[in-house]
Amino acid sequence: MFKKILIANRGDVALRIHRACREMGIKTVAVHSTADEDAMHVRLADESVCIGPPPARDSYLNIPAILSAAAITHADAIHPGVGFLSENAAFAEIVEAHGITFIGPSPAHIQSMGDKITAKRTMIELGIPCVPGSEGPVEGVAAAREEADRIGYPVLIKAAAGGGGRGMKVAETAENLEEAYTMARRESAAAFGNDAVYMERYLGRPRHIEIQIAADSHGNVIHLGERDCSIQRRHQKVIEEAPSPALTQAEREAIGARAVAAVQQMGYRSLGTLEFLYENGEFFFIEMNTRLQVEHPITEAITGIDLVRLQIEIAAGRALGIEQKDVTFNGHAIECRITAEDPRTFQPRPGKIDDYHQPGGLGVRVDSALYAGYSVPPHYDSLVAKLVVHGTTREECLMRVERALGEYVIGGIPTTIPLHAALIQAPAFRSGDYHIRWLETEFLTS
Ligand code: MV4
């Protein structure tokens, strides 16, 4: 097992990884920007190294600085956390080239799943259902027209290097195809330095359901059920729940088994998530995430499995130690992503926390790096806390979320706690009858 892990991240995720390391008897190294000198992740770690000025590109994305920090502290592994360098294949490769273990999949798997066209092709070959669309990149307006006629309108033009919805355009009819195609290419080039695009049938009101998998380096693969991440705004998830209120046990087992078979055939190692759109009882693969995810705690809540510990053990070459039949799903979990934003306009509102009290009690977990007196810096993601609630039933979980939100005090800055409190009361959320466009087109407009 590793003796010392450098955590190349900040905030609640850095704390989450530190906690797993501490329980495993592994020393931790925090890295931080000059804006994060007083951050909780720096306080808790065994050692810390300043890696640069506040902008992420100069610090948390600064590969030479992070490698130097690992070298001078003699870290034997690097955990990239989520975001930042977590899906950067070049970083994973450089880390390994320095004789340090990258806690994640192989650079080749990060690379191939990062290209959405390659990812989709791979999944089709492995028998995973995908959204009907172009077989590869679509080059030129004439080719786009042919594809659209074959697929049927409305169609969606997507960036091969995409993710997060950038470079994605809908063409409702043949009339706006050319504009959508041209815009998608232009946006992709600007955002990713790669203007390759592909096309799919546009699904209007699907749910976003993702399957968590874990694969070791000995060929063992399990799935840990699904998370429903349909409650989102501008491609930022707001609330996630597990299990999905839309799935039956039979559907869960069927899609889980398919995901496991595909991942096994890919020779994939580490945690991973297969993202699907789900509409009218059908699953359509869209992307695979090759990292730990923000919403992993809801899976931990219903399975009782420490995913970060498992990820570290896998990276150290250990076998999973559990089989699919050992994975049991208990009750229901909901995560509220609390951000330092105006709950009505969603404008970021960083600043000083002058009062802090977090909820507790049965079934309540808070992953947050906040403390009274801390100043939320303006340079990074506005997520400040994940409220993760577990109950024996969805009903109990909903009541408990309401109770926990009521106890939560974050003073000095506005947060999205009031938004979550209102969302939890919404009839469509309570009934579980929602889809990826519900929050923006129905809830936030009323
Ligand atoms: C789609 C889609 C509808 N039809 N693909 C958004 C970002 C990228 N991850 C894929 N996305 C979508 N792909 C087809 N063929 C709708 C979305 C989408 C979405 C997907 C998941 C979660 C939230 C979303 C919000 C808007 C659009």
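Bear in mind the structure is a predicted one, so any value in this text is a computation, not a measurement. Start at 1 and go down the list; that is how both ligands and their atoms are numbered.
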Q: Identify the two heavy atoms, one from Asn9 and one from Gly81, that lie closest to each other, and give their separation to 0.1 Å.
A: ND2-CA, 3.5 Å
Q: Quick one: does Lys237 get a heavy atom under 4.0 Å from ligand 1?
A: no
Q: Do Glu241 and His332 meet the criterion of a side-chain donor-acceptor pair at a distance under 3.5 Å?
A: yes
Q: So which protein heavy atom does atom 13 (N) of ligand 1 come closest to, and at what separation?
A: Lys158 NZ, 3.1 Å
Q: May I have the list of side-chain donor-acceptor pairs in residues 159-167 shorter than 3.5 Å, sequence neighbours left out?
A:
none

Q: Does only the side chain of Leu203 get under 4.0 Å from ligand 1, or the backbone, or both, or neither? Count heavy atoms.
A: both
Q: For ligand 1, which atoms, with element, lie under 4.0 Å from some heavy atom of Glu287?
A: 8 (C), 9 (N), 10 (C)
Q: Kindly indicate whether the side chain of Phe346, heavy atoms from C-beta on, has any atom under 4.5 Å from the side chain of Gln236.
A: no
Q: Should the ring pair His223 and Phe329 be called parallel, tilted or perpendicular, given that the plane angle runs from 0 to 90° and is split at 30 and 60?
A: parallel
Q: Counting from 1, what ligand 1 atoms have a heavy atom of Tyr202 closer than 4.0 Å?
A: 3 (C), 4 (N)
Q: Please confirm whether Phe443 and Phe429 have ring centers closer than 6.0 angstrom.
A: no
Q: Show which atoms of ligand 1 fall inside a sub-4.0 Å distance from at least one heavy-atom site of His208.
A: 21 (C), 22 (C)
Q: What atoms of ligand 1 come closer than 4.0 angstrom to any heavy atom of Arg201?
A: 4 (N), 14 (C), 15 (N)
Q: Between His235 and ligand 1, which part of the residue brings a heavy atom under 4.0 Å of the ligand: side chain, backbone, both or neither?
A: side chain
Q: Quick test: of every protein heavy atom, which one is nearest to atom 14 (C) of ligand 1, and how far off is it to 0.1 Å?
A: Leu156 CD2, 3.4 Å
Q: Of the protein's non-hydrogen atoms, which lies at the shortest distance from atom 11 (N) of ligand 1, and what is that distance?
A: Met168 SD, 3.7 Å
Q: Are side-chain N/O atoms of Thr273 and Gln293 paired as donor and acceptor at under 3.5 Å?
A: yes
Q: Check each atom of ligand 1 against the heavy atoms of Glu200 and keep those under 4.0 Å away; list them by number with element.
A: 5 (N), 14 (C), 15 (N)
Q: Only heavy atoms of Ile286, strictly under 4.0 Å: list the atoms of ligand 1 that pass.
A: 10 (C)
Q: Specify the protein heavy atom at minimum distance from atom 25 (C) of ligand 1: its residue, its atom name, and the distance to 0.1 Å.
A: Gln232 NE2, 3.1 Å
Q: I'd like to check which ligand 1 atoms, numbered from 1 as shown, lie under 4.0 Å from a non-hydrogen atom of Gly165.
A: 7 (C)
Q: Ignoring hydrogens and geometry beyond distance, is a side-chain donor-acceptor pair present between Ser134 and Glu147 at under 3.5 Å?
A: no
Q: Pick from Arg337, Lys386, Gln212: which one makes a side-chain hydrogen bond (donor to acceptor under 3.5 Å, both in side chains) with Glu295?
A: Arg337
Q: Do we see a donor-acceptor contact under 3.5 Å between the side chains of Ser244 and Tyr278?
A: no
Q: Quick test: of every protein heavy atom, which one is nearest to atom 18 (C) of ligand 1, and how far off is it to 0.1 Å?
A: Ile436 CD1, 3.5 Å
